[in-house]
Every structure is written in structure tokens, then in C-alpha cells.
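Not measured: the values here are computed from a predicted model. As the structure lists them, so they are numbered: ligands from 1, and atoms in each ligand from 1.
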Amino acid sequence: MSLAPPSAALLARLADRLGPAGFTQDPAALAPWLTDWRRRMTGAAAALVAPATLDEAAFVVAAAAEARVALVPQGGNSSMVGGATPPADGPGALLVSLRRMQRIRAVSPEDNAITAEAGVVLADLHEAAAAHGRRFPLSLAAKGNATVGGLISTNAGGTQVLRFGPMRALVLGLEGVFGNGLRLEQLTPLRKDNRGYDLKQLLIGAEGTLGLVTAATLRLVPAFRARAVAWIGLDDAGAALTLLRRLEDRLGEAVESFELIPEEGLALVLRHIPGTQAPLAGAHRWHVLIEAVGDAAVAPALEAALAAEAERGGLADAVLAQNERQAEALWRLRESLSEAEARDGLAAKHDIAVPVAAMPGFIETASAAVAARFAGARPIAFGHLGDGNVHFNVRAPRDADDRAWFAREAAAVSRFVHGLVLDAGGTLSAEHGIGRFKRDDFAALGEPDRLAGLRAVKQLFDPAGILNPGALLPLAEPAPAP
Ligand code: MLT
Ligand code: ZN
């Protein structure tokens, strides 16, 4: 069933219910939210609607479903995959901002839980937990923009997934509304609840295609007393994985971050990000940023483990941050990588995972295959090696006009890389979601039964097809085979 543009009557109903703080058609107010974070698409919307409560969110969904008008939910607009940008050529959508829902509703250190509304920014969530001697154990470079609702809707990962898992593992309870009007009012800190299907999991990682998330009860963990941050130089990515497993043998779960950075990635950061400095004296093919947390014993323990590895020949060089300022400087090198890469030019970006044991080999063989197939293309792989998730990006040949190259080759490069990943038993979205940028590859390369399963769920919970149409799944069903 096709969607319709919002009528004047619908817009008036929404304006009336949401008031001036929750409804605008002012092009200047809309403009910042209509271009995606990677600046790859600029969309259009008839209005920006911003519910402030679950009731208002449910009203927006019901009104849009009745009128068959598309809703595109948005949090901090930091999607890497165009998941929160309404297309410019659709019938006309309403951009639904959850940013007005900004309250921390409750913190319970006894439950190790915090209840936050969808528009709470991740950095503020960290602060609220810290004020109660607790920690929300998920972080990523966009923490100053990314919101609770967006993190949940994309099942975000980041740089600290190793120990406590991605967003899906951290949501205890959820409040929201599905496209069919069904409300989820389950803001609970319960760890165990066996009443059948776990409905909240349907909204997690759904990329706004099934409903709106308005608030969540999230898991907290104890704050750590001290952290140890080290930067390691290595000759090959396989040695990095061996190093991780050996550190885990000695330090156990204290190792919370294990990030892989190639030499050319570090070079991009040093070239484009002011105030950064090389952490090690010499050059190394690969670098690893490690964070281990615990008490005062954690730094000596990490130092001893690294010394033992150096003795064994398991690493080429290492430096341990001596204070928080140095630790922050090392983290800045890693967290600036994406920005440095963007400043250097356009890249075909991939957010892939393969089984972690296969990842070092995959990086080598896939890099060689891409370079052989696309003359001069420059693969660069960095990220969350400990989780088996790297950003396997492909930059234009050195002397090419990157815009022209991107327009001509990016789609073919991505299809090729995604094919290699799936052949290796992996996924073409590990932490960013499918959104609009990965959708066609997902539809073309995904298993038919997986896609059929997603469509069946979508049909049930969003029967009018109004929620983020064109994200995650293509609008049209694939034509039946002749
Ligand atoms: C990262 O790991 O830095 C982010 O996921 C961003 C990116 O992929 O560029
Ligand atoms: Zn990442």
C-alpha cells in the first residue's frame, strides 16, 4: 500500500497536539537534521515533530498510520548509514526527533540500573552514572551527539563491547510504541523475565522501522578505580589477536578495549588532527590501543604482561600511559581516525565482522583482492579487532579525483567487499546498522529466509509501512523468480 504526503489537516492536528516546541515547518530549523552525519545525502521533510512523552509519541504514530504518512525517527543524527535521513524523493515524510525527551528519570545504584529518555546524549548518560559511582559501559567516538534512542535503535557497539556487549546486552527495560499502536511500557531493571517473546528486543536494532523508542532502563556496572591504557606496535594483525588472548589469560576480563589501527590510519590522524603526536618512536605496520580497568594493581599487571610478551617476541614496541592526560591523548588518536579519514577524502566504508579468529587473515586476503580488482584502490582496516569487527574502508587511488572515483566505483567496491565478507561467514553490518547505504547490498546478498523473516515482523508491527520506509529493507518486495 502506498504512502501519502502529509495533508494540511494532519499537519494542523500534529501542530495542535505537540505545540510550538514539538512541531515546526521552518526550513531553517529543519535544515541541520536533513543532511546525514557523513554528508552523503540531504533529504526532505514536510515538518519536524518532536514528542515529549510516550503519549505524544503514540499520538504521532497513530495519526501517521491513519494518514499513511512516513515517519523517519531521529536521535543525534550521527548515523553512519543514512538511517535517520528522510529521502529527498519520497512522497513527503515527517522527521520525528526524540531529542526533546532528555530526562534521566531514575538512577538506582542498588539495581545497577539507570532509566533515561531517548534523547539523552551518551556523554550525559556517562556523567549521570558516574555521579552515582556507577558506569554505563558503552562508548563510541560520537558520544557527544549519539542519543540513547539512536544507540538502541541501531544496537550500537563502539570501543568497549569486548566485556559487556553491544547495546542489545545493556537494555533491561524499554518504553516505546510500535507502528501498530502497541505500547511497550516495560521500564524495569529485571535481569530475568521469562514471559515468552522478548518484545523489547524487536525495537533494539530495528533502525526505527518498527516503532519509536521513548525511554530505556539500562544496565550499569561498577565504576572502576583505575584504568591502564597502552599503545602497542606490531608487525602483523595475527600477532595482535595472539596478544589479546595472552593478555586475557593474564588479566581476564579487565581488558575492555582492544582496538586495531594500521600505520596509514595513524598517519592520517597525525596529518589531519591538530595537536596529535606519534605514540611510538618507530613505524609499525599495525598498532593496538588497549584499555584494562580495575584498581591500582591494573597498570603494573598490564605492564608486566606486555613486558612478558615483548620478551617472547609477541610485540615490537609498547608505551603505557603514565597518567590520565596521556591516556586521553592515546584515545584521541583512535577516536579521531574516522574524522581524519573523512578529511583526507571520500572512502567506500564498510562495517564488517567475520569470526574473530579469521579476521587477521581476512584483512590480508581481502585487501589484496580489492587492490587487484580495483586498480590502485587503497583498503584501510581499523577498529574493534577484539569483537571481530573492523571498518574495512577503501580509499581512492592516490592520484585519483576521489569524488569522481567514488561516484564511479564505490557501489561496485562495496558489493565486492560485502561478497567477500559473507563468503567468510561474516556480516555486512556489525555495529552501524543497514540504514539506506547498505540496504541494497543487504537485500541482494542476504539470505532469502532472513529477509523474509524481517519482512514478516515488519508487516506485523508496522502494517501501514510508515516507519522509516526504505531503511533496512527495500520498499518493494523482490519480484518472484520466473
Ligand atoms: C569507529 O569505530 O571509529 C566508528 O565506528 C566510526 C567509523 O566507522 O568510521
Ligand atoms: Zn566502529
Short N or O distance, H432 and ligand 1, threshold 3.5 Å exclusive: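 Checking ligand 1 against H432, an N or O pair does fall under 3.5 Å apart.
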Go through ligand 1 atom by atom and flag the ones less than 4.0 Å from a non-hydrogen atom of H384.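 Result: 2 (O).
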Number the atoms of ligand 1 from 1 as they appear, then name those within less than 4.0 Å of a heavy atom of M80, with their elements.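 Ligand 1 atoms under the 4.0 Å threshold to M80: 6 (C), 7 (C), 8 (O), 9 (O).
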Where the Zn ion (ligand 2) is the corner point, what angle links NE2 of H391 with OE2 of E431, to 10°?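 It comes to 90°.
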Check whether any N, O or S atom of H432 sits under 2.8 Å from the Zn ion (ligand 2).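 Within the cut-off used here (under 2.8 Å), H432 places no N, O or S atom near the Zn ion (ligand 2).
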Say whether E341 and N393, considering side chains only, have a donor N or O and an acceptor N or O under 3.5 Å apart.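 Yes.
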For a quick check under 3.5 Å, do S153 and E207 share a side-chain donor-acceptor pair by atom type?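 No, because no side-chain N or O of S153 sits under 3.5 Å from a partner of the opposite role on E207.
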Does E335 come within less than 4.0 angstrom of ligand 1, counting non-hydrogen atoms of the residue?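 It does not; every heavy atom stays at 4.0 Å or beyond.
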Indicate, as side chain, backbone, both or neither, the part of E341 found under 4.0 angstrom from ligand 1 when only non-hydrogen atoms are considered.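 It is neither part, as no heavy atom is under 4.0 Å.
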Heavy atoms only, cut-off 4.0 Å: how does H350 contact ligand 1, side chain, backbone, both, or neither?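 Answer for H350: neither.
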F382 and F392 aromatic centres sub-6.0 Å: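 No, the ring centres sit 6.0 Å or more apart.
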What residue and heavy atom of the protein are closest to atom 7 (C) of ligand 1, and at what distance?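 That would be S338 OG, 3.4 Å.
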Among all protein heavy atoms, pick out the one at the shortest distance from atom 3 (O) of ligand 1; state its residue, atom name and that distance to 0.1 Å.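 Going atom by atom, the protein heavy atom closest to atom 3 (O) of ligand 1 ends up being R334 NH1, 3.1 Å.
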With F437, the side chain to side chain contact (heavy atoms under 4.5 Å, CB included) member among M80, H432, M41: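 Among the candidates, only M41 passes.
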By the definition side chain to side chain contact (heavy atoms under 4.5 Å, CB included), identify the one residue from R105, M101, R100 that meets it with R103.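 When side chain to side chain contact (heavy atoms under 4.5 Å, CB included) is applied between R103 and each of R105, M101, R100, only R105 qualifies.
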What residues form a ring-ring contact (aromatic ring centres under 6.0 Å, His included) with H384, not counting sequence neighbours?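 If we apply the ring-ring contact (aromatic ring centres under 6.0 Å, His included) test to H384, skipping adjacent residues, the hits are H391.
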Test the R395-W405 pair against the cation-pi criterion, namely NZ or CZ under 6.0 angstrom from the six-membered ring centroid and within 45° of the ring axis.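 Geometry flag: not set, cation outside 6.0 Å or 45°.
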For atom 4 (C) of ligand 1, the option (of H391, R38, K349) bearing the nearest heavy atom: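 Heavy atom nearest to atom 4 (C) of ligand 1 belongs to H391.
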For R38, what residues pass the side-chain hydrogen bond (donor to acceptor under 3.5 Å, both in side chains) criterion, not counting sequence neighbours?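 Here no residue qualifies.
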